[in-house]
Amino acid sequence: MMKKTIWLVWGLLSLALASYYGYQLLMPGDKSEFLIGDASHGHFQIELDCESCHTSPFGGQEVLQDACVNCHGAELEAVNDSHPKNKFTDPRNADRVEILDARYCVTCHVEHQEERTHEMGVTVPEDFCFRCHQDIGSDRPSHEGLTFDTCASAGCHNYHDNLALYEAFLVKHAEGAETDLMATMLERTFATEYQEKHKPESLTIADLNPADLKQASADVLQHWQDSGHAEAGVTCSGCHQGEQNSESWIAQPGLAQCSECHTSEVQDFVASRHGMRLNPDMAMKMSPMSPGMGRLEFKPDALSSVQGCAACHQPHQYQTQPAMAEACVGCHDDEHTNNFAQSPHGQLWQKVKEGALPEERGVACSTCHMPREHVQINGKDVVRVQHNPNHNLRPNEKMIRSSCMNCHSLAFSIDALADPDLIRSNFSGKPAKHIESIDMALSRVKEKN
Amino acid sequence: MKKTNTILKSMAVASVAGMALVGCGGEEKAGIAPEVYTDSLFAVMKADRTNYTKLIVKRLGPSGAASIKPAEHWKDLENGAPLPAQMFRAGAEEVGRLTDKFTYSLQSTWPINKQNAPRTEMEKAGLKYIEENPGQNFYGTEELGGQKYFTAVYPDVAVAEPCVTCHNDHKDSPRTDFKIGEVMGGVVIRVPM
């Protein structure tokens, strides 16, 4: 009898547990109980949206691979990935694949193992290059004796993106002044394009209709009148109106409204750590990211602010200068950020704020982290601000071409980005060590000649 | 090695004959011999590559329309176009995305990129054979990663002046005395069996 009762209790408990977890798994809602470990620094914001990576319960590794490629594939292709999958699907590399299956992203980037994840989301030991390139010394005598944990850490190579580090590029840009003090940023073309396309008439408060006027305070109206929106003929209802011609009023327009005109900016933003929780492609609807959820150091009074266009661009004023540095410094509280004001870059920006230098000659946070870049939109070459500040930090050598080299030589840029202390001081001073990659490349050319 | 090659060829022919006989019974489809299959693939590859070299690349660059420039780091140039060998590799990569029924690669005993040197025993033997026996192909079977492959190696001959000058002048080239008409490397085609 006793035995039967135990079996019955065991059965009921098992059934209850199975029902509980089955319900949690199959029904929409919080699935945090299924997390097998903290997600990496690149994915933790969306770790509860399981289906964004685990798109199907069946299929295993291929399903996960598709998810990786879905978000990161275009970026890898754009940087001419040095180790694309197809290098390893060739059977001649079968022996290498047995050692390190580089056909799959998750071989090196294992998720939910934050405790052993290092930079760039890598979970294999940092000397992984050894597995395939152990005989590099015979091909490149200059590399003889270098340890394999220095291949990437010294600013010489990256596994995927070597656009600023490949040998011919090093040789081509070997010369050059350390700093060009007369360098300028690219000029944005959005306003000109908009003017050309829509030929809008600039508006003032007197042009607004009564419905718009009754929604806003005098301050708001004045801010709007001084903004680029008024200049481009965009009225209050241009952003605040719901459906076209409807009476509905959206109190706080969001990404959907902004993206109607600022499409590429919003696309960049939702690919960034700032905006990925609002990415419309996510299976789950999530709240915006806020510093309080983050893993970096943030200012205590900014912890509850929410990330959206208006987090950096003040509503109604829409002057871009405050978004270029003050907005960043308002939330981020790490050494690099806090040393900005005193740094040579920050000093130049101070001159811009004082009107002593044109904006294009200053260096704000966005100059390096959200660079202005040439892009093709509908077959036309335009200059846009990259609104994903993480884009050129994966890895930081990616900044060399998009940012550093606008003002500095390649050699100085490589040395500076490989010096963690210099990064912490926000580049106040000189790089402590010289990276020899350009010298090695030049000596090979010399040998040949 | 030539002997092995002949044996393998005979085996391939025998297996085709065997398949053809089975085919007479009407129960199974007759296959084509692996070497006929790889020979045909190679013919297409070679024709396309020769045409790209002679009809396009030779007419571009300094001697032709300067608006498009064939260059090693062509992706980094606004007007860059891939060199013939890179065009060939791009094809191999695209095929890798389209099918797993065969793979091919361009290799050499004197590669500019060391990753393109022969790696497997069969590749090493094949490259050696086509270098020592001009005009002949090499066929064999090998097992890689637990999968058996029919592997064919075809000579890759310098068909135009740019092939020779580019390889002779490149700082990473281990050989600087290539001449037109010489075997510069080999095309390795693999078919899983």
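Each chain gets a letter, A, B and so on, in the order the sequences are listed, and its residues count up from 1.
- For Lys46(B), the NZ atom sits in a loose shell: 12 or fewer heavy atoms of surrounding residues, nucleotides or ligands are nearer than 6.0 Å.
- Using a 3.5 Å distance cut-off with no hydrogens or angles, the side chains of Tyr166(A) and Asp76(B) do pair a donor with an acceptor.
- If you measure heavy-atom distances from Thr151(B) to chain A, you find no contacts under 4.5 Å at all.
- Other residues, nucleotides and ligands place no more than 12 heavy atoms under 6.0 Å from the CD atom of Glu77(A).
- Looking at Asn86(A) and Arg97(B), their side chains come closer than 4.5 Å, going by heavy atoms from C-beta outward.
- Contact of Arg119(B) with chain A is made through backbone and side chain together, with heavy-atom distances under 4.5 Å.
- Crowding of Glu187(A) atom CD: a count of heavy atoms from other residues, nucleotides or ligands under 6.0 Å not exceeding 12.
- Across all their heavy atoms, Gln115(B) and His133(A) have their closest contact at NE2-CE1, 3.4 Å.
- One finds the CD atom of Glu78(B) at 7.5 Å from the CG atom of Asp381(A) (value rounded to the nearest 0.5 Å).
- The number of heavy atoms from other shown groups lying within 6.0 Å of CD (Gln86(B)) is above 12.
- In this structure the side chain of Pro91(A) never reaches within 4.5 angstrom of the side chain of Gln147(B), judged on heavy atoms.
- Between Asp172(B) and Arg444(A) there is a salt bridge, since at least one side-chain N of the basic residue sits less than 4.0 Å from a carboxylate O of the acidic one.
- One finds the OG atom of Ser173(B) at 6.0 Å from the NZ atom of Lys448(A) (value rounded to the nearest 0.5 Å).
- Crowding of Glu175(A) atom CD: a count of heavy atoms from other residues, nucleotides or ligands under 6.0 Å not exceeding 12.
- Residue-level contacts of residues 94-102 of chain A with chain B, in order of numbering, are Ala94(A), Asp95(A), Arg96(A), Glu98(A); threshold 4.5 Å between heavy atoms.
- Proximity to chain A (any heavy atom under 4.5 Å) is shown, for Asp100(B), by neither the backbone nor the side chain.
- For chain B, the nearby part of Glu167(A) is the side chain; its heavy atoms alone come within less than 4.5 Å.
- Of all the listed residues (Asp169(B), Leu144(B), Val188(B)), the one sharing the greatest number of non-hydrogen pairs under 4.5 Å with chain A is Leu144(B).
- Both the backbone and the side chain of Lys171(B) come within contact range of chain A, judged by heavy atoms closer than 4.5 Å.
- Interface residue Pro118(B): only backbone heavy atoms are found under 4.5 Å from chain A.
- No more than 12 heavy atoms of other residues, nucleotides or ligands sit less than 6.0 Å from atom NZ of Lys128(B).
- Gln107(B) touches chain A through its side chain: at least one heavy atom from C-beta onward sits under 4.5 Å away, while N, CA, C and O do not.
- The parts of Glu93(B) that come within reach of chain A are both its backbone and its side chain, each placing non-hydrogen atoms under 4.5 angstrom from that chain.
- At a 4.5 Å heavy-atom cutoff, the contact between Ala117(B) and chain A is made by backbone atoms alone.
- Going from atom NZ of Lys114(B) over to atom OG of Ser138(A) covers 9.0 Å, rounded to the nearest 0.5 Å.
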